[in-house]
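Only a predicted model underlies this, so the values are computations on that prediction, with no experimental measurement involved.
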Amino acid sequence: MSQPLTATRPTNAATSIFPLRQPPPLCSFLFIIVLIVATFYTLHHPDATPPLLFSHNALTLRRLFLSSASNATVSSYLRALTRHPHLAGTKPSLDTLSYVTNHFQSLGLDTHLAEYEALLSYPAHISVAARFSNNTTVEFDLNDGPGDDDVVRPYHAYSPSGSAQGNVVFVNHGEERDYRALELIGVSVRDCVVLARKGESLGRGGIVKIAEAKGALGVLIYAENDGGGFGGIERGTVMRGIGDPVSPGWPGVVGGEKLSLEDDRVARRFPKIPSLPLSLRNAEIILASLGGARAPVEWRNSGRVGSGQRVGPGQTVVNMTLQGELTMKKVHNVVATIRGSEEPDRYVILGNHRDAWTYGAVDPNSGTSALLDIGRRFSVLLKSGWRPRRTILLCSWDAEEFGMIGSTEWVEENVLNLGASAVAYLNVDCAVQGSGFFAGATPQLDGLLLDALKLVQDPDDVALTVEETFKSQNNIIERLSRVDSDFSGFLHHAGIASIDMYYGADYPVYHTAFDSYDWMIRNADPLFHRHVAMAGVWGLLGIILADEPVLPFNYISYAEQLQAHRDALSKLLQGKASVDPLSMAIQEFSLVAKEAQDEAKKLKEQAYNKNDVAAAAKRRELNDRMMLGERGFLDSEGIKGKEWFKHLVYGPAAEPESKLGFFPGIADAIATNSSEGMIEHEIWRVARAIQRASRALKGGFT
């Protein structure tokens, strides 16, 4: 059994964490020793930078970082961040902005704001009423908050204003296959209001898009988790794409170009029919009243749909109204910089968003509190004399809930510099939702991630490391084709190697008024051990990527993953199109990946001497090739139908029916029953992208 470098929970963790404000004794002891030595060195070498006490011992540095953990400190951060709801663009959101900014500045970190203007969406009035077959009517309560006037009422951002009245049809998850099942039993949704239960494969925007195409007048969406039994209602956005809708493809800088709402590039981002969220309780009232045909067999006994469920349309009529406001608002990103000592023009970026639909204890401020604690722990290392080799950026994004707006605008403004100098992007949105470690990554970072997990004590079993429990419980590193957090712009648009991490597969108060500090301490992480573990893994990844002379990338893992994708695609196609171009491109990529790995191994085996200019040049050249390898998978034309997304291996498919979690262009061509020639064209596009990645990794010219 491998052992962590140090326990991640403080020695007095069994006692109440809330009065505790100081780091644990081990951290204080190490820090005092380091500070004394650094001070002594400075007195005798006034013109030199004091070295870390054990300057060539990365193990000791990582121990110092991990031993600096304090669950009480993380708890205090989360409590402060979640005192009030802080939806982006509202006055309370400025309080969290100030809190994060002041925190980084108090640590002595170089901190600045990157500000943009974006079109945000808020509700002015919402209502849903139903009339049943016995002519009784119900006006549904659409509040789920504990009486706080600052909690925004449940709504769908960017849903158009208007009313819809019609008979109700239950459409299960609202996927194309669900409508096909309804057609088989003679049910149409044209001129009806559809009721959908949110599933895993289709987001609320996709549900509305399909309903609109089927002729529905409006959409009501509910989640079956019932807000943890509290009657919570899930808020969310239904905008298509990400980023500011009135500056599509360019940064929404203050005073910059903004398109009108009538411009097709803006209008097509928004649905044409209104939609609203419902609580499970209200949805069940409507479901129980429906007549018409019985639900298709495949829907029955799934979730809360019983064997006798009917789908309508019967005599139940719903009248729904939404009056919304679209308004330009300032969006504020906070960027704290720790400048690198040897390669200051290479950047390792850690990011989390801080805006929330309500109080945001899980989403996103469990991640924000971890980021703030990483900043605090880094300041301990800086005071000891440590300087990272490469520059580290700690980023707090704004307006993510509206569609990753803050991070997307920042990526668009800095896309050229990011392409030339960003080593990796490390994202944590909801740091703690529950138990169990989960992660997604681009494949060349798999080994690094597992190595970092080996160094951190598991928060739920002190005898194990996070890596050991991860392998026993999950052991799957997901691929990042989804578009649900701030890594999207970095990976899908800029081609930057990325990791996304979280504790807990799901949680019942998602986007409801009950996502509070109280829920966190009662349910997800009472003693903040999981927060501390996540901050440990996240921070270690940043340290390793910033400090290792040779970047810990392994493109052999990427080659193996590409081969697995090719095999899955071939099985799906069943000979309908040739995958030979992919096979040849992956074979070449595998050879180049092996050469790069061998080169990295040789350089790592050489004794490190920062004054060896020739060796430094070789490391730099290899590192740049490994950094740029991911950019090769980008294509200037992007994914058909979603052209902003440029990554042809990992990215969102435009078609909800797409059956692959990779090669989105190929997946869309298959889902739309495109011709063999069109499918093979998309296969060739991916093959050329893999060839570009090979050339970037190999270096030089043809």
Side-chain angles (χ1 to χ4, degrees), residues 8-10 13-21 69-87 92-93 95-96 99-100 103 144-148 150-152 223 225-235 352-374 376 396 400-401 427-438 458-460 466 485 501-538:
T8 59
R9 64 180 62 173
T15 63
S16 173
I17 63 174
F18 303 112
L20 188 63
R21 296 293 176 188
S70 167
N71 52 358
T73 304
V74 180
S75 168
S76 70
Y77 295 153
L78 186 65
R79 192 175 187 88
L81 288 163
T82 58
R83 290 188 185 279
H84 304 286
H86 44 283
L87 183 62
S93 72
D95 294 335
T96 59
Y99 184 81
V100 170
H103 173 79
D144 69 341
D148 192 332
D150 289 333
V151 175
V152 68
N225 57 30
D226 192 28
F230 301 110
I233 306 176
E234 182 184 307
R235 298 145 180 83
N352 155 270
H353 76 95
R354 68 178 182 281
D355 66 295
W357 286 113
T358 62
Y359 298 94
V362 174
D363 184 7
N365 298 135
S366 60
T368 312
S369 58
L371 185 68
L372 297 183
D373 197 54
I374 288 171
R376 179 188 64 80
S396 172
E400 186 270 357
E401 297 293 7
N427 188 71
V428 172
D429 191 325
C430 306
V432 181
Q433 302 177 155
S435 64
F437 180 85
F438 294 83
D458 185 83
D460 300 305
V466 177
S485 193
M501 302 174 290
Y502 49 100
Y503 259 95
D506 200 358
Y507 67 109
V509 295
Y510 174 69
H511 286 188
T512 75
F514 301 100
D515 182 6
S516 65
Y517 181 85
D518 183 66
W519 187 89
M520 177 64 75
I521 62 174
R522 291 176 183 273
N523 297 277
D525 199 15
L527 295 179
F528 286 81
H529 294 158
R530 293 169 185 160
H531 283 76
V532 167
M534 179 58 74
V537 174
W538 196 9

Do Asp515 and Thr358 pair up side chain to side chain, a donor and an acceptor below 3.5 Å, judged on atom types alone?
no
Measure the shortest side-chain to side-chain distance between Glu401 and His511 over non-hydrogen atoms and say whether it is less than 4.5 angstrom.
yes
Start with the C-alpha distance between Arg235 and Asp144, add both sets of side-chain angles, then the distance that settles side chain to side chain contact (heavy atoms under 4.5 Å, CB included), and finish with yes or no.
CA-CA 11 Å; Arg235 298 145 180 83; Asp144 69 341; 2.6 Å; yes
Does Asp150 pair with Arg83 as a salt bridge, N-O distance under 4.0 Å?
no
To the closest 0.5 Å, what do you measure between CD (Gln433) and CZ (Arg530)?
11.5 Å
Working note: His103 + Tyr77, criterion ring pair (Phe, Tyr, Trp, His ring centres under 6.0 Å); need CA distance, chi angles, decisive distance, verdict.
CA-CA 10 Å; His103 173 79; Tyr77 295 153; 4.9 Å; yes
Compare every heavy atom of His84 with every heavy atom of Tyr359, then report the nearest pair and how far apart it is.
CD2-C, 3.8 Å
Between CZ on residue Arg376 and OG1 on residue Thr73, distance to nearest 0.5 Å:
5.0 Å
Tell me, please, which residues at least two apart from Thr368 pass side chain to side chain donor-acceptor pair (under 3.5 Å).
Asn352, Asn365
Applying side-chain contact (heavy atoms from CB on, under 4.5 Å) to Phe438 and not counting sequence neighbours gives Asn474, Tyr502, Ala505
Can you find a pair of side-chain heavy atoms, one from Ile374 and one from Met534, that are under 4.5 Å apart?
no
Closest non-hydrogen contact found for Gly434 with Ala524 is N-CB, 4.3 Å
If every non-hydrogen atom of Leu81 is compared with every non-hydrogen atom of Val100, which pair is closest and at what distance?
CD2-CG2, 4.2 Å
Closest contact, heavy atoms only, Pro85 versus Pro92
O-CB, 3.0 Å
Taking atom types as modelled and ignoring hydrogens, do the side chains of Tyr503 and Ser366 form a donor-acceptor contact shorter than 3.5 angstrom?
no
With heavy-atom distances below 4.5 Å as the criterion, would you say the side chains of Leu87 and Val151 are in contact?
no
Go through the steps to decide whether Leu78 and Met520 satisfy the test side chain to side chain contact (heavy atoms under 4.5 Å, CB included), and finish with yes or no.
CA-CA 10 Å; Leu78 186 65; Met520 177 64 75; 3.9 Å; yes
To check you understand the geometry: which heavy-atom pair defines the closest contact between Ser76 and Tyr99, and what is its length?
O-OH, 4.1 Å
Going by the rule side chain to side chain donor-acceptor pair (under 3.5 Å), which residues pair with Asp95 if we only count those two or more places apart in sequence or in a different chain?
none
How about Trp357 and Glu234: do any of their side-chain heavy atoms sit closer than 4.5 Å?
no
Classify the ring geometry between His531 and Phe528 as parallel (under 30°), tilted (30 to 60°) or perpendicular (over 60°).
tilted
Those residues at least two apart in sequence (or on a different chain) that pass side chain to side chain donor-acceptor pair (under 3.5 Å) with Ser369 are none
Using the test salt bridge (Lys or Arg N to Asp or Glu O under 4.0 Å), find all partners of Asp506 that sit at least two apart in sequence or belong to another chain.
none
Side-chain heavy-atom pair Asn225, Tyr507 within 4.5 angstrom cut-off
no
Residues in side chain to side chain donor-acceptor pair (under 3.5 Å) with His353, at least two apart?
Asp355, Asp363, Glu400, Asp429
Please examine the side chains of Val428 and Leu371, heavy atoms only from C-beta on, and report whether any two atoms are closer than 4.5 Å.
no
